[in-house]
Protein chains: 4
Amino acid sequence: MPKVTEAHRAERREQILLAAARCFARDGFHATSMDTVIAEAGLSAGAVYGYYRGKDELIEAAAGRAVELLGDVLPVVAAAPSPAALVEQLLGLVTEVADRLGFDPTRIAVLAWGESVRNPRVREPVARAYTAIRAHMAEAVRHWQRDGRMAADADPEEVAKVLFGLLPGFIVQRQLIGDVHPDRYAAALRALTGGAGTG
Amino acid sequence: MPKVTEAHRAERREQILLAAARCFARDGFHATSMDTVIAEAGLSAGAVYGYYRGKDELIEAAAGRAVELLGDVLPVVAAAPSPAALVEQLLGLVTEVADRLGFDPTRIAVLAWGESVRNPRVREPVARAYTAIRAHMAEAVRHWQRDGRMAADADPEEVAKVLFGLLPGFIVQRQLIGDVHPDRYAAALRALTGGAGTG
Amino acid sequence: MPKVTEAHRAERREQILLAAARCFARDGFHATSMDTVIAEAGLSAGAVYGYYRGKDELIEAAAGRAVELLGDVLPVVAAAPSPAALVEQLLGLVTEVADRLGFDPTRIAVLAWGESVRNPRVREPVARAYTAIRAHMAEAVRHWQRDGRMAADADPEEVAKVLFGLLPGFIVQRQLIGDVHPDRYAAALRALTGGAGTG
Amino acid sequence: MPKVTEAHRAERREQILLAAARCFARDGFHATSMDTVIAEAGLSAGAVYGYYRGKDELIEAAAGRAVELLGDVLPVVAAAPSPAALVEQLLGLVTEVADRLGFDPTRIAVLAWGESVRNPRVREPVARAYTAIRAHMAEAVRHWQRDGRMAADADPEEVAKVLFGLLPGFIVQRQLIGDVHPDRYAAALRALTGGAGTG
DNA sequence: AATGAATGAGCGTTCATTCAT
DNA sequence: AATGAATGAACGCTCATTCAT
């Protein structure tokens, strides 16, 4: 099979990445062997290693991918009418993508947090993506302050940290306990924030 | 040979568990070899295996221990005068214990979440501990509702989930980004909850 | 499609062989991957395998080639006026060809000796070439005996072995230590052989 | 099997080294798999890796060992009465040790030369050992010059190189062709050196 | 004739665990 | 009870070779 298009190469990379992500989401990074990923991808060992340098790169790619999808909603985040609306939208997104992607990105996210403890190559891109989201949330907070919906003396960056923190808070409970739902979570947040905001 | 020996056994188990926890917090569960734990404990392989059945049991024990310390503050949780006060107290506790224990329990917590994805023996005790905290938080919510500080129609269990979620939210940012502080986090939460509550 | 195509085939084989020889001389047989040879030849994997059955055949061909060039001087050998002259001529040849060939045949020779330990397909042609040279050296010895320059009771075949042995002796020191020079080596040999012989 | 003496450790290292050397002498460095060495040593993989860091270290150790035995005769070398006597003694030694060691050190030496092309960790100790022998040979040459048995204007270091070179010359023919014998080689050398010398 | 992506057997190595002492 | 040398299954990965195009 000679000379193959760049598009075909990208497709193969995607095929392998998704296979790896499915395996990781199922068994965790370390309990997943390359043989398992290789079988899941329906390829040979050599083929997989032709597209990724090794297991580490696959872990980094899967972690990056799981976090990437948050980037899709950055504009929406900055324009959210209220904290609860913002969170509801994000949680909805996070909950819904599993089918579209073929794996649960929140499981990979949780694995990625654990891996981050010792692996900067996982931690740094994740930290960067999260920092970007927080910046957009801070932007939203500033809107709310201008609208008079939030105390003007609050530090927008710090409020954004709390808002952002609701996301991992939801994910941890979703993965460990399983009894959380985006809309009920948002409703409770609305109760907590004094019911202010219309979104 | 009862009591004395039993106490000795417990001491040795503690010595090994703390050694393992230090290693895990430093390198993660899977990058920590039993040899490393054995060296850190200052014992022989055989000795360690005399007290724990294997690495998995050590991981489960370390995860359990990291989560256990939250049990100390259950009464305080239920009596907290406001969401922000509650969260401030918990985050303060969580931030402070690292020195006392010789390892950072929030690092182990993050590792435990990752491990929970595939290992019910880690997930279940953690989930149980978290559920217990949430129950106490729901109790606090009910107090606030009785005091008129919170909308009476809010579901206390759901509000508790949000409150509890602030904890992992803080921990994830602490571990991955590192720019969060208990008091500033609580202050931002206070701004978000409309400044209601004085505690 | 005879002649032209046959010439083209021979050219391609030569191009591949020289590429392989350069790689082998640089990195050794086993640390050279086929990919490296293929890249050095500027061809594709399939093309290289169209001309050589595999890596082993390439090793055998390179070893053969490194040894072949000694065949050029067989007539000179038989006519040498003295041991020292003979050796000087051979060492000079051996030292000089590296540039002409694009690789150092003495490096390949050393590699070939190592490979000979287990691979008769390398050993046999090399052994045959060396035996041929020794036969010509024995011829020279007989000349010297007839001329009265060497004891008549010496076994020419055995003396030839010693003379031939000076060659690998030089090469080993050249490759491992690097402080030997053909003319100084020949001069020392002249001192050792009692200064007999003027050539 | 707890606490074992240093002597026992040394024995095990020797057992493994000899097993590796036998395998290497039989099949070459690269065609010998660690599994083969492990089986030959009668141990498990883990045990072997407890004594040697890996295959490379085993190769280096085997090469070193094959060359070491020449160190035993350094004093004898310096005192040799004639070139032929010197060479005869060395070749005799080299030929005889195979049984004592359980492997043919000249096969390993040839492999080591090949490996030296690209591996300084093999080349350097071998080069050092050879340089040491040459220094002793130069000493012998100086004796012969003082005795009037050799031209006073010859460079002893250069003559030593030629003398030393007889060794690899013998070994190469022994391994590739197999028709050389220490005493006949020495006799031929005696003929070549003008029969001078009584040794 | 030429391509190069794909193959897959086999490699060197690790490490949780055992058990003779 | 304690030791630590020994075990061996399983891992991640390489690379000589093939064959559909």
- Message: Let's see if you can work this out: which of E/dG8, F/dG8, F/dA6 has an atom nearest to the side-chain heavy atoms of D/Ala45?
- Response: F/dG8
- Query: Looking at B/Glu14 and B/Arg65, does any basic side-chain N land under 4.0 Å from a carboxylate oxygen?
  - Reply: yes
- Task: Let me know, please, whether B/Gly42 or A/Ala31 comes out on the 5' side of the other along DNA chain F by nearest nucleotide.
- Result: B/Gly42
- With respect to the phosphate group of F/dT14, does any side-chain polar atom (N or O) of A/Tyr49 fall under 4.0 Å of OP1 or OP2? no
- Message: Measure CG/C/Asp35 against P/E/dA6 and give the value in whole Å, please.
- Response: 14 Å
- Item | Intra- and interstrand pairs of DNA chain F - dot-bracket, Watson-Crick/G-U under 3.5 Å, | marks other strand | .||||||||||||||||||||
- Query: For the side chain of D/Ala47, counting heavy atoms from C-beta on, which of E/dG4, F/dA16, F/dT7 is nearest?
  - Reply: F/dT7
- Does B/Lys55 reach the side chain of B/Val37, with side-chain heavy atoms less than 4.5 Å apart? no
- Task: Would you mind telling me which of F/dC15, E/dT14, F/dG4 lies closest to the side-chain atoms of C/Ser33?
- Result: F/dC15
- Whole-Å distance separating the OH atom of B/Tyr51 from the P atom of F/dT3: 9 Å
- Heavy-atom count around A/Arg121 CZ within 6.0 Å, excluding the residue itself: above 12? no
- Taking for C/Leu43 and for D/Gly46 the nucleotide of DNA chain E with the nearest heavy atom, the one nearer the 5' end belongs to C/Leu43
- Message: Using whole Å, what does the distance between atom C1' of nucleotide E/dT13 and atom CG of D/Asp56 come to?
- Response: 12 Å
- Between F/dG12, E/dA6, F/dG4, which nucleotide has the shortest distance from any of its atoms to the side chain of B/Ser44? F/dG4
- Would you classify A/His8 as touching base, sugar-phosphate or nothing, given that sugar-phosphate means primed atoms plus P, OP1 and OP2, and contacts are heavy atoms under 4.0 Å? sugar-phosphate
- Rounded to whole angstroms, how far apart are CZ on B/Arg12 and P on F/dA1? 11 Å
- Quick one: B/Lys55 NZ to E/dT14 C1', roughly how many Å, whole number? 11 Å
- Between B/Arg53 and B/Glu60, is there a salt bridge with N-O shorter than 4.0 Å? no
- Donor-acceptor pair, side chain of D/Thr32 and main chain of D/Cys23, under 3.5 angstrom: yes
- Item | Distance, rounded to the nearest Å, where B/Gln15 contributes CD and F/dA1 contributes C1' | 14 Å
- Task: Establish, from distance only, whether the side-chain atoms of C/His30 and C/Glu115 form a donor-acceptor pair under 3.5 Å.
- Result: yes
- Message: Rounding to an integer number of Å, can you tell me how far A/Ile16 CD1 sits from F/dC13 P?
- Response: 14 Å
- Item | Donor-acceptor contact below 3.5 Å, side chain B/Tyr51 vs main chain B/Ile16 | no
- Look at the side chain of B/Met34 and decide which nucleotide, out of F/dA6, E/dA16, E/dA9, has an atom nearest to it. E/dA16
- Query: Across the strands shown, which category fits D/Thr36 at heavy-atom distances under 4.0 angstrom: base, sugar-phosphate, nothing?
  - Reply: nothing
- Task: Could you go through the side-chain hydrogen bond (donor to acceptor under 3.5 Å, both in side chains) check for A/Thr106 and A/Gln175 one step at a time?
- Result: CA-CA 8 Å; A/Thr106 68; A/Gln175 290 301 333; 2.6 Å; yes
- Message: Between C1' on E/dA2 and CD1 on C/Ile38, what's the gap in Å once rounded to a whole number?
- Response: 13 Å
